[in-house]
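Heads up, the thing below is written out as structure tokens.
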Amino acid sequence: MPVAPNLFERFVMLQLNRAPGPVLDLVGAGGERAVGLALDLGLFEALATGPATLDDVASQLDCEPAGLEPLCDFLTALGYLTRDGNRYATTPMTERWLLATDGVGPWLTFWHEVVFPFWEANMTTAVRTGAPEQTLYEWLDDHPERWQLAHEGFRAAAAVLAPTVVEKVSLPSHARVLDVGGGHGLYAATLADRHTDALVTVFDTEPARAVALETARDAGVVDRFSFIAGDYTTDELGEGYDTALLFNVVHAHDGPENVALFERVRDALVPGGRLYVLDQFDGTGRTTLARATVGFVGLTYLVTLGHRAHDVDDVVAWLAEAGFEVTDRESFLTAPGVSLLVATPAK
Ligand SMILES: C[S@@+](CC[C@H](N)C(=O)[O-])C[C@H]1O[C@@H](n2cnc3c(N)ncnc32)[C@H](O)[C@@H]1O
């Protein structure tokens, strides 16, 4: 994708069932491979300064024009490029979402180079046995050079949501914020940027440090940003925090593990502190895309972590077991299927 069938095609394929709907998935799978390769080759960057001929782009990318042309034409059909005679140009979608610094290019590259190859290697086992032989995080620990790609990918995904999510996080003055599993640091840095008296701390494993500090530098908040390396299941999280974030973390754990983690976070909070839990929860998708997205991430969590998108009611119950009361829930138009739970330690 984004191949968007027109009304007639939708009617014939999806309503009348007279043409094979699965072809859409075939084209979408091909699109993912084409965009992944284009990002890897630097095709979009080669066109970033303006339209160029096939021969010019081919020589910049060290490709045969005859080989590059079908790739460019497929990307043109998908809406990533336009073609005028022998010249190609980027489209507004490509400029906004793949070339801009807050675009999703690194997120797609992470999928292309790490997650989908991991799917290929582990999906059958995960579906047959309920879990992969090794989780993606364990695999990344064995291939540490790939962690950077992962954190840059997580950061690019977070960039879409961070400005909106951070608006929902209310902080007291001079707040101390702990971002547990905060990895790339974009949520913490965005909060620090918005609340100029807040001190933010990202707690994650060592491989996230370099990306997190780069994020803090780019946001101009290094002096109020710190990084603690550790394992959030066993290492000391600290204490005296007003606010804690657990974003895209609970899906990597089962109920008892999440209860234990919530308890550790509760102990790090001051009385009356707040915990924000963000994730994609089963049963929260209200639109076609939201339901498909939750299904997609649910399968991904199975293949990569041996878990699933948790039901939001289960997470609320685990929070209660750990002594939290959920006071609010938010969902986001720009991120189908993502929900934010706001919880405070019960009195
Ligand atoms: C999916 S990423 C989420 C990153 C960020 N919170 C976000 O929402 O974009 C999960 C993060 O949890 C971290 N993580 C996983 N297990 C961990 C553990 N046991 N201790 C510390 N960090 C861990 C990973 O390194 C990664 O940065």
Side-chain angles (χ1 to χ4, degrees), residues 102 104 106-107 110-111 114-115 118 134-144 146-166 168-169 177-191 200-216 219 225 227-238 243-254 256-258 260-262 264-265 268 275-281 296-298 300-310 330 332 334-335 337-341:
D102 62 347
V104 293
W107 180 231
F110 170 55
W111 273 87
V114 176
V115 187
F118 193 88
Q134 186 184 37
T135 70
L136 179 64
Y137 292 155
E138 289 163 346
W139 183 88
L140 285 166
D141 284 339
D142 288 347
H143 301 81
R146 306 258 92 181
W147 260 121
Q148 181 177 343
L149 210 59
H151 287 302
E152 287 173 353
F154 294 142
R155 178 171 61 188
V160 177
L161 207 52
T164 321
V165 169
V166 157
K168 311 275 183 200
V169 176
V177 180
L178 177 66
D179 188 359
V180 182
H184 48 78
L186 189 69
Y187 286 108
T190 310
L191 265 178
V200 300
T201 301
V202 169
F203 189 104
D204 208 288
T205 54
E206 185 59 37
R209 185 190 294 273
V211 176
L213 295 182
E214 177 187 75
T215 308
F225 185 104
F227 182 92
I228 299 176
D231 179 338
Y232 58 51
T233 64
T234 51
D235 291 326
E236 188 54 52
L237 296 178
T243 302
L245 313 180
L246 262 177
F247 286 3
N248 296 302
V249 162
V250 299
H251 63 243
H253 302 285
D254 62 17
E257 289 167 354
N258 276 319
L261 182 55
F262 294 153
R264 308 184 96 243
V265 174
L275 166 63
Y276 292 83
V277 180
L278 181 99
D279 221 305
Q280 274 154 322
F281 299 117
F296 176 58
V297 297
T300 301
Y301 296 156
L302 171 78
V303 178
T304 56
L305 299 165
H307 286 290
R308 51 185 46 218
H310 297 303
E330 301 274 359
F332 305 92
T334 46
V338 174
S339 302
L340 179 71
L341 301 178

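Heavy-atom basis, side chains included; hydrogens, waters and symmetry copies ignored. Whatever order the structure lists them in is the order used to number ligands and atoms, beginning at 1.
Ligand 1 lies nowhere less than 4.0 angstrom from a heavy atom belonging to Ala157.
Smallest separation of non-hydrogen atoms from Ala189 and Ala216: CB-CA, 4.5 Å. Closest non-hydrogen pair, Asp231 versus Phe203, comes out as C-CE2, 3.7 Å. The two residues Pro163 and Val160 come nearest to each other via the heavy atoms CD-O, 4.2 Å.
The contact set between ligand 1 and Gly230, taken as ligand atoms under 4.0 Å from a residue heavy atom, comprises 20 (N), 21 (C). Each of the following atoms of ligand 1 lies closer than 4.0 Å to a heavy atom of Gly183: 27 (O). Residue Tyr187 has at least one heavy-atom neighbour below 4.0 Å for each of these atoms of ligand 1: 7 (C), 8 (O), 9 (O).
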From CA spacing to verdict: side chain to side chain contact (heavy atoms under 4.5 Å, CB included), Val200, Tyr187: CA-CA 10 Å; Val200 300; Tyr187 286 108; over 6 Å; no
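With a heavy-atom cut-off of 4.0 Å, Arg155 does not touch ligand 1 at all. Under 4.0 angstrom from ligand 1, the non-hydrogen atoms of Trp147 all belong to its side chain.
Backbone and side-chain nitrogen or oxygen atoms of Asp231 are examined, and one is located within less than 3.5 angstrom of a nitrogen or oxygen of ligand 1. Inclusion of His251 in the set of residues having an N or O under 3.5 Å from an N or O of ligand 1 is not warranted. For ligand 1, one of its N or O atoms has an N or O atom of Phe247 under 3.5 Å away. At a 3.5 angstrom cut-off on N or O pairs, Tyr137 does not count as close to ligand 1.
His251 and Tyr301 have parallel rings, their planes meeting at less than 30° on a 0 to 90° scale where 60° marks the start of perpendicular.
At the shortest separation from atom 27 (O) of ligand 1 among protein heavy atoms lies Asp204 OD2, 2.7 Å. The shortest contact between atom 8 (O) of ligand 1 and any protein heavy atom is with Asn248 ND2, 2.8 Å. Of all protein heavy atoms, the one lying nearest to atom 14 (N) of ligand 1 is Tyr232 CE2, 3.7 Å. In this structure, the protein non-hydrogen atom closest to atom 9 (O) of ligand 1 is His184 NE2, 2.7 Å.
Counting heavy atoms only, Gly181 comes closest to atom 4 (C) of ligand 1 of the residues Gly153, Ala252, Ala162, Gly181.
Aromatic ring centroids of Trp111 and Phe118 lie 6.0 Å or more apart.
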